[in-house]
Enquirer: 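Starting off with a structure, shown below.
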Amino acid sequence: MHLPAEGYFLLLFFKGEKFMATINKEYKTINERIGILQSRGLLFKNINKAKEILLEHPYFDIINANEKLFCKPNTSSKEYFSHIFFEDLYGVYSFNNELSKLTMNSLLSAESKLKNSLAYLFSGRYCYNISRTEEYLNPNNYIQPTQRALYYKFSDFTPFTDNDYVQKLKRQNNYMAAYDKLPFWIALKGIVLGTTILFIQFLDPITKNEVKKDLKMDKFSDDGFEFGIYILKEIRNSCAHGAMIYRFSKSHRISTVNVQAGINEFHLSQSAINYMDTLKVLSFFSTDREIRAIKMSIFKFYLKYTVRGKRWMAKKILGKMGNQHITKWLKI
């Protein structure tokens, strides 16, 4: 059996097992790519400008990541709806970039507040003198969860099991080498958000409640709070890796947090977690100013395409993000 020349996915079934073939893509010049797009019905307002854009920005992120929303369904080959321009797709790409930057700025602020609260409150209870500076590495100062997935993570948690953990942090972050014993608030600067979340999940109930109260999230249960910071970690990873944020989606199949508690307490959709859901969560960790900037970006995008007579395109993008009605976004 031979793969199709275009390299589309081919599923083979043998003795009940499923195999997925790889994709092959042949190199194309910018002119060849534009020719292919024109053959599929995509229009161009300025081909020379489009060439400049494609030389400076990823073709995949402008075209491949967005085209399914604007191509006719159920056709043997890709074919765009009428009156779809390259500039429309580039506008979606530009909107996504701005949305990603604003989201990341808000996430960095939320992460800083989270780490500061954790370091201050934990250190006040367990690292209160020089000899106890690195007590954040002592598993006896935490509670081992009973939930199965977290139970095993606690047993294998690198800060607890790796005797060279602090030295590795110092090697990775030169400014930390000035410290004989590394304080928690300094160590957290070099610790990724995923690891920080586990520190929080392993906290004793009193310290965890103090962190929640300090962040003005004491109305949330521990499960709801932990779900919230988990979602922050997931959207942060997407922003950091240049993903299409407006297409963000996370399955409810998560073993280390109570998803249903998070959905109920943050009033999220019952289907897969989308960008609107993450913005609702982020609004509890960020300032009103930061959330307003994100909502304003979404509103300007919607208004821009409405003025162009292509509100349906904006509604498609917003629908992919979680809700096609702009009023629902402005109420977050």
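Note that the coordinates shown come from a computational prediction; the quantities given were computed from them, not determined experimentally.
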Enquirer: Heavy-atom count check: over 12 atoms from other residues, nucleotides or ligands less than 6.0 Å from Lys49 NZ?
Expert: no
Enquirer: Quick one, Leu182 with Thr133, criterion side-chain contact (heavy atoms from CB on, under 4.5 Å). Give me CA distance, side-chain angles, the key distance, then yes/no.
Expert: CA-CA 7 Å; Leu182 191 63; Thr133 299; 6.0 Å; no
Enquirer: Would you please name every residue forming a side-chain hydrogen bond (donor to acceptor under 3.5 Å, both in side chains) with Asn97, sequence neighbours left out?
Expert: Tyr93
Enquirer: What donor-acceptor contacts under 3.5 angstrom involve side-chain atoms of residues 314-332, with partners at least two apart or in another chain?
Expert:
from, atom 1, to, atom 2, distance (Å)
Lys316, NZ, Leu69, O, 2.5
Asn323, OD1, His325, N, 2.9
Trp329, NE1, Asn323, O, 2.6

Enquirer: Enumerate the side-chain hydrogen bond (donor to acceptor under 3.5 Å, both in side chains) contacts for residues 168-180, please, sequence neighbours excluded, ordered by first and then second residue.
Expert: Asp162-Lys168, Asp164-Arg171
Enquirer: Are there more than 12 heavy atoms of other residues, nucleotides or ligands under 6.0 Å from atom NZ of Lys233?
Expert: yes
Enquirer: Listed by chain and number, what are the side-chain contact (heavy atoms from CB on, under 4.5 Å) partners of Leu55, not counting sequence neighbours?
Expert: Ile30
Enquirer: Excluding sequence neighbours, so at least two apart, what forms side-chain contact (heavy atoms from CB on, under 4.5 Å) with Ala293?
Expert: Leu102
Enquirer: Any side-chain heavy atom of Arg236 within less than 4.5 Å of one from Leu108?
Expert: yes
Enquirer: Output all residues satisfying side-chain hydrogen bond (donor to acceptor under 3.5 Å, both in side chains) with Lys153, sequence neighbours left out; order by chain, then residue number.
Expert: none
Enquirer: May I have all residue pairs that pass ring-ring contact (aromatic ring centres under 6.0 Å, His included) and include part of residues 203-226, sequence neighbours excluded?
Expert: Phe220-Phe266, Phe220-Phe284
Enquirer: Going by the rule side-chain contact (heavy atoms from CB on, under 4.5 Å), which residues pair with Asp277 if we only count those two or more places apart in sequence or in a different chain?
Expert: Leu268, Ser269, Ile273, Asn274
Enquirer: For Glu56, which residues count as a side-chain contact (heavy atoms from CB on, under 4.5 Å) partner, sequence neighbours excluded?
Expert: none
Enquirer: Please list all pairs meeting side-chain hydrogen bond (donor to acceptor under 3.5 Å, both in side chains) that have one or both residues in residues 181-202, counting only residues at least two apart or in different chains.
Expert: Gln201-Glu226
Enquirer: Suppose we screen for side-chain hydrogen bond (donor to acceptor under 3.5 Å, both in side chains). Which residues come up paired with Ser131, at least two apart in sequence or across chains?
Expert: Asn129
Enquirer: Could you check whether the rings of Phe202 and Phe154 sit parallel, tilted or perpendicular, using 30° and 60° as the cut-offs?
Expert: perpendicular
Enquirer: Parallel, tilted or perpendicular: which one describes the rings of Phe157 and Phe160, with boundaries at 30° and 60°?
Expert: perpendicular
Enquirer: Of all residues at least two apart in sequence or in a different chain, which pass the side-chain hydrogen bond (donor to acceptor under 3.5 Å, both in side chains) check with Glu67?
Expert: Lys78, Tyr80
